Amino acid sequence: MAIKIDFRSDTVTRPTEGMLAAMMSAKVGDDVFGEDETVHKLETKLSTMFNMEAGLFCPSGTMTNQIAIKCFTQPMDEVICDQTSHVYRYEGGGIAYHSMASVRLLNGDRGILTPELIEPEINEENIHYPNSSLVVLENTVNKGGGACYNLRQIEPIHTLCNIKGLKLHLDGARIFNALVATGDHARNYGQYFDGISICLSKGLGAPVGSVLLASKETIRKANKIRKAFGGGMRQSGFLAAAGIYALDHHVDRMAIDHQHAKALAAALSPLNYVASVMPVETNIVIFEVAAGFKAENIIHLLAEKGIACNMMGTNIRIVTHLDISSEMIDMAIENIIHLHPSGHK
Ligand SMILES: Cc1ncc(COP(=O)(O)O)c(C=O)c1O
């Protein structure tokens, strides 16, 4: 059956008519020459919003993260991050490949780190040890079921990094989901981070692109690394216009995605084929399949009903987004409740 309700990721959204119109009318130039005014507008809009000095538009969140890691480390350094981190698990080993750094993995609560977890893992100066030079946080945490940090949790991590001389980077692929969920303001973020990566193509609903925010000096370096990575784009203002449109129209509505995710979690919790559902804070629902049932089988049965979900490890992940309506949520819940996967229970 054709997929009607696509919960695989918030990356599957299509541009709306309004977004397409904004893209079509964008004023563009050659951005490698620094001549695309729409790209400049997007970079300035986000850097101003987050109170950072400058921004750099890149093709993907993987690229903005990896450029930041390269800017903030030297070969033989060590990056500290949670074991669930996208930068470690899902970026093709890029930290080793691009930056020749090692990684120290921590076990946060659904990917959320604390100064108490980080401090003992920072290496003292010693010939045997890699130099701990960077901490990476992810907000929201994808593999943590969309768990989010608020700024009160981030501030002491920033203080620790400052005292110990480490840089702090934020993988903010879904930072606007975190802002909507916590009520924190973007303008208060800049003071805590050396780099912030923001994806336009997740919950914001743009087709392509991420922006790296940092100091002017870091962005100068990042621009050179982007070129070497093959990420210098020409008339990319057509894509940047989609990002600007998304920032103007698609942020507040994320609260709806969060309500949808909570409704799905509430429907899933009592079912016999569900062992547990991670607490839902934003637009991601991850549930553990009960013993005796198979995640692959559940995904297959849902696909037969036109509902697409993804495996995450041995769990199932559902992501709500711009292209999921309340009617679709009702329809999905109806199917999820009446699903009868084969199992022992
Ligand atoms: C938390 C997180 N960071 C970074 C990325 C990378 O984004 P991209 O797919 O644009 O490379 C993703 C993608 O899903 C993500 O979930």
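Note that the structure is predicted; figures quoted are calculated from it, not measured. Both backbone and side-chain heavy atoms feed into the values below; hydrogens, waters and symmetry mates do not. One-based numbering, in listed order, for ligands and for the atoms of each.
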Residues 79-87, side-chain donor-acceptor partners within the protein, below 3.5 Å, at least two apart:
| unit_1 | atom_1 | unit_2 | atom_2 | d |
| --- | --- | --- | --- | --- |
| Asp82 | OD1 | Gly108 | N | 2.5 |
| Asp82 | OD2 | Thr84 | N | 2.9 |
| Asp82 | OD2 | Thr84 | OG1 | 2.6 |
| Gln83 | OE1 | Arg89 | NH2 | 2.7 |
| Ser85 | OG | Asp82 | N | 3.2 |
| Ser85 | OG | Asp82 | O | 2.5 |
| His86 | ND1 | Glu91 | OE2 | 2.7 |

Q.
Between Val12 and Phe7, does the side chain to side chain contact (heavy atoms under 4.5 Å, CB included) criterion hold? Intermediate values first, please.
A. CA-CA 9 Å; Val12 301; Phe7 287 131; over 6 Å; no

Pairs under 3.5 Å, N/O atoms on ligand 1 and on the protein: can you put them in a table with the distances?
| unit_1 | atom_1 | unit_2 | atom_2 | d |
| --- | --- | --- | --- | --- |
| ligand 1 | 3 (N) | Asp171 | OD1 | 3.1 |
| ligand 1 | 3 (N) | Asp171 | OD2 | 2.7 |
| ligand 1 | 7 (O) | Lys202 | NZ | 2.9 |
| ligand 1 | 10 (O) | Gly61 | N | 2.8 |
| ligand 1 | 10 (O) | Lys202 | NZ | 3.4 |
| ligand 1 | 11 (O) | Gly61 | N | 3.4 |
| ligand 1 | 11 (O) | Thr62 | N | 2.9 |
| ligand 1 | 11 (O) | Thr62 | OG1 | 2.6 |
| ligand 1 | 16 (O) | Asn142 | ND2 | 3.4 |
| ligand 1 | 16 (O) | Arg174 | NH1 | 2.9 |

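- Leu271 contributes atom CG, which lies 10.0 Å from atom CZ of Phe293 (distance to the nearest 0.5 angstrom).
- Between the side chains of Asp77 and Ser133, at least one donor N or O lies within less than 3.5 Å of an accepting N or O.
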Could you list the donor-acceptor pairs under 3.5 angstrom formed between side-chain atoms of residues 229-242 and any protein atom two or more places apart in sequence or on another chain?
| unit_1 | atom_1 | unit_2 | atom_2 | d |
| --- | --- | --- | --- | --- |
| Arg234 | NH1 | Asp30 | OD1 | 3.2 |
| Arg234 | NH1 | Asp30 | OD2 | 3.1 |
| Ser236 | OG | Arg234 | O | 3.4 |

Side-chain donor-acceptor distances from residues 273-286 under 3.5 Å, at least two apart:
| unit_1 | atom_1 | unit_2 | atom_2 | d |
| --- | --- | --- | --- | --- |
| Tyr273 | OH | Ile336 | O | 2.7 |
| Ser276 | OG | Glu288 | OE1 | 2.9 |
| Glu281 | OE1 | Cys148 | N | 3.1 |
| Glu281 | OE2 | Arg110 | NH2 | 2.7 |
| Thr282 | OG1 | Gly146 | O | 2.8 |
| Asn283 | ND2 | Asp10 | OD2 | 3.0 |
| Asn283 | ND2 | Thr320 | O | 3.1 |

